[in-house]
Each structure stands twice: as C-alpha cells, then as structure tokens.
S.K.: 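Encoded as structure tokens, here's the structure I'll be asking about.
Computation of the quantities below employed the complete heavy-atom set of this structure, encompassing side-chain atoms and omitting hydrogens, waters and symmetry-equivalent molecules. As the structure lists them, so they are numbered: ligands from 1, and atoms in each ligand from 1. If you read the sequence from its start, that first residue is 1, and numbering goes on from there.
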Amino acid sequence: MNAHKGLVLIVEDDANIAALQRLYLERDGYRTEIAEDGTAGFAAVARSAPVAVVLDVGLPGMDGVTFCRRLRERGDWTPVLLVTARGDEADRILGLELGADDYLTKPFSPGELVARVNAVLRRGPRPAPGPAPAVHALGRLRVDRGRHTVHVDGLPVEFTALELALLAHLLDHRGQVFSRAQLLDRVWGDSAHRDQRVVDVYVSQIRAKLGTASPIRTVRGVGYGASAEAAGA
Ligand code: CA
C-alpha cells in the first residue's frame with residue numbers, strides 16, 4: 001500500500017456514503033476531506049487543492065453538475081469522478097459533457113470506487129484550453145473569425161456578426177453546454193435586459209444556414225453546446 005497518494009475531496013451529503021468512501025480511499029493510501037454540500041465543496045477545491053474530487057450529483061447548495069461546470073469555467077481541471085444514483089442517465093451524460101472525467105453509479109463496490117479514482121488520476125488533468133483558435137475546421141464546416149467567413153463544403157455562407165460570434169463561442173468550447181443566460185452574457189454582453197428566446201432565434205438561424213453541417217446541439221432543460229465531433233459527415 002502506498003503511504004500517501006494525495007488528497008481526495010469527497011463531496012457527498014449522505015454521511016454514511018461519505019464515511020464509506022473515506023474508508024475505501026484511505027485504505028488505498030489516499031488522504032480525504034469531506035464536504036457535505038456543493039458550496040462548501042466548491043470552496044474546498046480551491047483551498048485544499050485535492051488531486052481528485054469524488055462528486056455526488058444530488059447535493060444541497062450546488063448540485064454536482066453545476067459544480068463541475070463552474071469548476072471548468074474557472075479553468076480548474078482537477079479530475080472529477082461524478083457519483084450518480086441509479087437511473088440518473090441524464091445527469092451522468094450531462095456531467096461528462098460539462099467536464100467530469102468519469103462517473104460511478106450508486107451503489108458501488110469499494111474496488112470500483114478506488115479503481116475509478118486511480119484511473120482518472122492516471123489519465124491526469126486535462127490540459128487547460130489554450131487561446132481560442134481563429135479558424136475552426138470541423139468536418140464540412142470551416143469558420144474563420146479573422147476573415148469573418150463561414151464555409152460549408154467549401155462554399156461561403158452569409159453570417160451576421162452576432163451569428164458568427166455565437167457559433168464561434170460554442171466552437172471555442174466544444175463539448176461544453178451553456179445556458180441561454182450564459183450565452184447572452186458571453187456573446188451579447190449582457191443577460192439582464194434581454195429575452196432569453198433571442199438565443200433560440202439565433203440558433204435556429206444558424207441551423208437553417210448550416211443544415212446538417214451544424215455542430216450545435218440542444219440539451220433539454222439546459223441550453224446549447226457544440227459537439228466535439230463533426231456533424232453531418
Ligand atoms: Ca446526495
């Protein structure tokens with residue numbers, strides 16, 4: 001057994017489950033810290049700099065999916081193992097899209113938990129995203145922000161400045177999902193005085209222009225994102 005494999009932060013509101021996770025992980029050589037709600041856990045990541053976070057999805061304060069998204073948004077790529085209740089398929093998928101590294105379904109065995117934590121640590125933190133590229137080439141789609149051009153299959157498609165800014169923002173953060181309010185803040189510059197449906201209108205316009213080459217995905221109840229893989233190949 002390794003004497004010290006680093007600190008794992010357990011964010012779990014069920015004290016029994018948290019105690020079990022602590023037991024399994026410490027037996028394998030990790031140190032552990034437990035946070036009982038999402039807000040406390042989020043603060044603990046910055047304070048304690050754990051090597052990994054074992055994160056329950058259903059949490060008071062801040063749910064695990066929001067936790068994960070906010071962590072990645074602030075550029076923190078600490079490995080996250082998301083723990084979901086059986087049947088929470090949507091949470092699991094959403095969590096992975098928002099930057100979780102792996103997931104574990106309750107109930108789990110001690111061996112499973114430890115193996116997953118070891119695995120996310122072996123993979124290491126994901127590289128922080130670099131500066132946004134000026135050109136996105138994704139399957140049949142090519143978006144050149146500098147020249148303000150969009151091409152599908154080599155043919156130019158007319159885009160307004162806002163349509164291009166929205167598409168480029170989603171492509172800059174491929175695989176992430178944004179709420180309408182976030183997109184209004186980041187693309188339009190404010191969300192306070194705008195009808196969120198304007199985002200839906202712009203997404204429709206972009207989809208109409210790009211057809212099957214559109215990389216934009218709708219995540220029900222959350223918002224929009226760009227697929228990591230090329231669309232309409
Ligand atoms: Ca819970």
Side-chain angles (χ1 to χ4, degrees), residues 5-126 173 175-182 217-225:
K5 293 168 77 173
L7 176 74
V8 173
L9 174 66
I10 297 165
V11 189
E12 171 62 73
D13 58 314
D14 183 321
N16 292 324
I17 293 176
L20 271 178
Q21 291 178 338
R22 162 166 277 173
L23 181 72
Y24 301 157
L25 289 166
E26 292 193 349
R27 197 183 278 166
D28 199 62
Y30 291 99
R31 285 183 299 125
T32 58
E33 176 179 338
I34 295 174
E36 291 171 5
D37 69 70
T39 315
F42 198 74
V45 178
R47 187 183 61 240
S48 304
V51 295
V53 182
V54 176
L55 177 64
D56 186 29
V57 170
L59 285 169
M62 186 193 304
D63 67 84
V65 167
T66 304
F67 187 116
C68 206
R69 175 170 53 72
R70 288 184 51 183
L71 201 65
R72 297 325 185 206
E73 273 175 11
R74 75 174 185 198
D76 187 325
W77 296 86
T78 304
V80 171
L81 177 65
L82 203 64
V83 182
T84 74
R86 197 172 283 291
D88 278 352
E89 188 78 357
D91 284 347
R92 179 175 74 70
I93 292 167
L94 190 54
L96 292 175
E97 283 179 348
L98 294 176
D101 297 83
D102 203 354
Y103 67 92
L104 190 63
T105 306
K106 291 177 187 175
F108 48 83
S109 70
E112 224 180 330
L113 170 70
V114 171
R116 292 294 171 84
V117 170
N118 287 337
V120 295
L121 286 175
R122 258 199 312 279
R123 287 203 292 271
R126 301 183 193 193
H173 304 277
Q176 284 187 44
V177 181
F178 297 93
S179 69
R180 289 166 180 80
Q182 286 175 320
R217 306 175 44 253
T218 305
V219 179
R220 278 178 70 97
V222 184
Y224 298 104

S.K.: Hey, could you give me the CG/CG distance between Asp56 and Leu81, rounded to the nearest 0.5 Å?
M.R.: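 Here the rounded value is 11.0 Å.
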
S.K.: Please find out if the Ca ion (ligand 1) and some N, O or S atom of Asp13 are separated by less than 3.0 Å.
M.R.: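 Asp13 does place an N, O or S atom closer than 3.0 Å to the Ca ion (ligand 1).
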
S.K.: Could you measure the distance from the CD1 atom of Ile10 to the OH atom of Tyr24? Nearest 0.5 Å is fine.
M.R.: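 The OH atom of Tyr24 is 11.0 Å from CD1 of Ile10, to the nearest 0.5 Å.
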
S.K.: Distance check, rounded to the nearest 0.5 Å: Asp37 atom CG versus Asp63 atom CG?
M.R.: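 CG of Asp63 is found 12.0 Å from CG of Asp37.
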
S.K.: Above 12 or not: heavy atoms from other molecules or residues under 6.0 Å from CZ of Arg220?
M.R.: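 Atom CZ in Arg220 is not crowded, with 12 or fewer foreign heavy atoms closer than 6.0 Å.
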
S.K.: Just give me the atom name: the N, O or S atom of Asp56 closest to the Ca ion (ligand 1).
M.R.: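 Of all N, O or S atoms in Asp56, the Ca ion (ligand 1) lies closest to OD2.
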
S.K.: Within 3.0 Å of the Ca ion (ligand 1), is there any N, O or S atom belonging to Ile17?
M.R.: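 No, since none of the N, O or S atoms of Ile17 sits under 3.0 Å from the Ca ion (ligand 1).
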
